[in-house]
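Working notes, beginning with the structure itself.
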Amino acid sequence: MLTNPPGIEDIFPDRMDAWSRVIGAAREVFRLSNYREIIIPVMEYTEVFARGLGDETDIVTKEMFTFEDRGGRSLTLRPEGTASVVRAYVSNGDYNRLSSAKFYYCGPMFRAERPQKGRLRQFNQFGAEFFGSPDPYYDYEIIAMMHAISRRVGIEDFALLLNSIGCGSPDCRGGYVVRLKSYFEERRGELCEDCRRRLEKNPLRILDCKQEGCASLKKGAPSIADHLCAACRGHYAGVKEHLNAASIQYREDPFLVRGLDYYTRTTFEFVTDRLGGQNAFAAGGRYDSLVESFGGRPTPAVGFAAGVERMLLVAGAADAPGSGLDVYLVHAGGEALRQALELARTLREAGISADLDPQGKSFKNQLKKADRESARFTVIIGEDEAAGRACSLKNMATGEQEKIPAQMCAAMIRKALPDYGKGHGSD
Ligand code: HAM
């Protein structure tokens, strides 16, 4: 039997209702704040991610699916969406010339991580990116959208972690990194092998290390909060003011640096302890220099992305409803089957979903199938009903059953379906 590679999953129809609810909530929230969808490629030239995410990040050094095309150019399956959206924004001059632009995206991402609960090699994200202003309002807008999406899908017990990692100037993060480096240098022997390398190239990355030894060293490390320049402090205060005004609660975490190098100023994560080791289900931040480093006009930007699979784990797929089928038709074969097929056609034309089994054996067997499909109505056409061009219509929620002329069936079901017209092909 052929199998799928580890960490690469199929998503069967029984997960699709919950899945669509999450994506639907995201799309609606994006629409309400005027974000519009962009479809970015699933693969890019490798330098898009190497340059965008940072040479020293775990994603670039260990987790990318990279291969050569037939012409010998190195391609990589996208591990995230931000670098691609920036590349697209910069390469399309029309957008880069606009004073601001709002995008959102949904789709699969690929990271060669060690698979475990909530950590996949192919996973799905939705995310949003704003280009064009350093105003802290936009940091708030991005965070508020993710907050609203969480609420809409019923995730309540989460925390929003917030930080500002400042800008690169020497009187801000630049100076902080020097102090951080000397702090860890004095404790070099206690660092893991990766962090000893990070110490030379990018000491900030050490704050993101999950190894126990490094994580506990972090507790005594100098804090970025004490090293922000006046402009970055003001920006951070602005973000918090907007969040306070909207009653969005957050917890400040001065060590939240995130695993990607493009961030400046705001960083944030939505976390929950319901995910075990993988505690973030959404994250993002500001990246004011990335557009310029990709060759675009200097353009401040901020964004976030959420993992769909992780959100489903947190939201609990337990309440996954059935297939959403409106009508299952049960028939006695022969003339009754012919009439059932005709009625199925009529129902479908009227925008009512209908299913039946032409080989349907016993009534009992077909009723079991109706049950398994969680159909809202069962329509039964036995020999008696067929003789009088009638059918028995059973409302599966109330258990009520009545015999009606077959030609009235569509109209009666239509009247009884509370959401007819929403997602049903209404006329
Ligand atoms: P990220 O934190 O790397 O940020 O990923 C965002 C979310 O994607 C995570 O919070 C998680 O829910 C999901 N995720 C990441 N890796 C996996 C995995 N291996 N398996 C399952 N889910 C995963 C970014 O990707 C940035 N591009 C966010 C951003 C947008 N920053 C600014 N704009």
Side-chain angles (χ1 to χ4, degrees), residues 5-9 11 22 26 30 35 38 40 44 48-49 52-54 57-60 62-65 77-89 101-131 138-139 141-143 145-146 149-150 153 155 158-161 163 165 208 210 256-272 274-291 300-315:
I8 298 187
E9 286 187 343
I11 297 144
V22 170
F30 292 146
Y35 283 70
I38 179 169
I40 40 172
E44 299 272 0
V48 170
F49 303 115
L53 278 49
T57 56
D58 280 357
I59 297 184
V60 171
K62 304 180 195 164
E63 296 170 2
M64 298 206 302
F65 286 101
L77 292 180
R78 62 183 185 196
E80 58 108 61
T82 310
S84 292
V85 177
V86 171
R87 199 265 316 131
Y89 173 75
K102 292 178 165 185
F103 300 104
Y104 80 83
Y105 51 89
C106 309
M109 308 290 161
F110 306 84
R111 295 186 193 175
E113 297 194 74
R114 200 161 41 80
Q116 54 173 255
K117 184 181 163 203
R119 196 208 273 156
L120 297 159
R121 291 188 165 176
Q122 176 174 337
F123 58 98
N124 288 268
Q125 280 187 346
F126 61 81
E129 314 290 347
F130 168 82
F131 295 97
Y138 292 102
D139 306 57
E141 184 174 87
I142 284 286
I143 294 172
M145 287 197 297
M146 186 55 216
I149 295 165
S150 307
V153 301
I155 303 177
F158 63 85
L160 165 60
L161 305 182
N163 190 24
I165 59 166
D208 199 41
K210 305 287 182 284
L256 183 71
V257 293
R258 311 262 308 114
L260 298 151
D261 280 353
Y262 49 61
Y263 292 114
T264 52
R265 295 188 163 170
T266 312
T267 53
F268 62 86
E269 281 187 356
F270 284 76
V271 298
T272 163
R274 288 171 65 178
L275 279 172
Q278 311 303 311
N279 61 359
F281 58 91
R286 181 165 275 285
Y287 50 96
D288 286 345
S289 335
L290 193 57
V291 172
V302 55
F304 84 95
V308 180
E309 288 85 351
R310 285 195 195 168
M311 288 194 69
L312 287 177
L313 281 174
V314 189

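Both ligands and their constituent atoms are indexed starting at 1 by order of listing.
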*Under 4.0 Å between a Lys/Arg side-chain N and an Asp/Glu carboxylate O for R258 and E269?*
yes
*Purely on distance, is any nitrogen or oxygen of A306 under 3.5 Å from one on ligand 1?*
no
*asked:* Under a 3.5 Å distance rule, please check whether E309 uses its side chain to pair with a backbone N or O of N124 as donor and acceptor.
replied: yes
*asked:* Check this for me - ligand 1, Y287, N or O atoms closer than 3.5 angstrom, yes or no?
replied: no
*Can you tell which part of P79 has a heavy atom less than 4.0 Å from ligand 1: side chain, backbone, both or neither?*
neither
*Report, in ascending order of atom number, the atoms of ligand 1 lying under 4.0 Å from any heavy atom of L260.*
4 (O), 24 (C), 26 (C)
_Geometry only, no angles: is Y263 polar-contacting ligand 1 at N/O separations under 3.5 Å?_
yes
*asked:* One residue to check: Y262. Relative to ligand 1, which of side chain, backbone, both or neither has a non-hydrogen atom less than 4.0 Å away?
replied: side chain
*Looking only at distance, does E113 have an N or O less than 3.5 Å from an N or O of ligand 1?*
yes
*asked:* Under a 4.0 angstrom heavy-atom cut-off, which atoms of ligand 1 come close to A305?
replied: 6 (C), 7 (C), 28 (C), 29 (C), 30 (C)
*Flag G81 as yes when one of its N or O atoms lies below 3.5 Å from any N or O atom of ligand 1, and as no otherwise.*
no
*Going by the atom numbers of ligand 1, which of them fall below 4.0 Å from some non-hydrogen atom of F304?*
29 (C), 30 (C), 32 (C), 33 (N)
_Atom indices of ligand 1, in the order listed, that fall short of 4.0 Å to a heavy atom of G118_ = 20 (N), 21 (C), 22 (N)
*asked:* Whether the Y262 and T82 side chains hold a donor-acceptor pair (N or O, under 3.5 Å, no angle test) is what I'd like checked.
replied: yes
*asked:* Within the 4.0 Å heavy-atom shell around R119, which atoms of ligand 1 are there?
replied: 19 (N), 20 (N)
*Less than 3.5 Å between some nitrogen or oxygen of F281 and one of ligand 1, yes or no?*
yes
*What atoms of ligand 1 come closer than 4.0 angstrom to any heavy atom of R258?*
1 (P), 2 (O), 4 (O)
*Record the part of M311 in heavy-atom contact with ligand 1 below 4.0 Å; permitted values are side chain, backbone, both and neither.*
neither
*asked:* If we set the cut-off at 4.0 Å for heavy atoms, which region of R121 has an atom near ligand 1: side chain, backbone, both, or neither?
replied: neither
*Which residue and non-hydrogen atom of the protein lie closest to atom 20 (N) of ligand 1, and at what distance in Å?*
L120 N, 2.9 Å
*Looking only at distances, please establish whether an N/O atom of ligand 1 is found under 3.5 Å from an N/O atom of F123.*
no
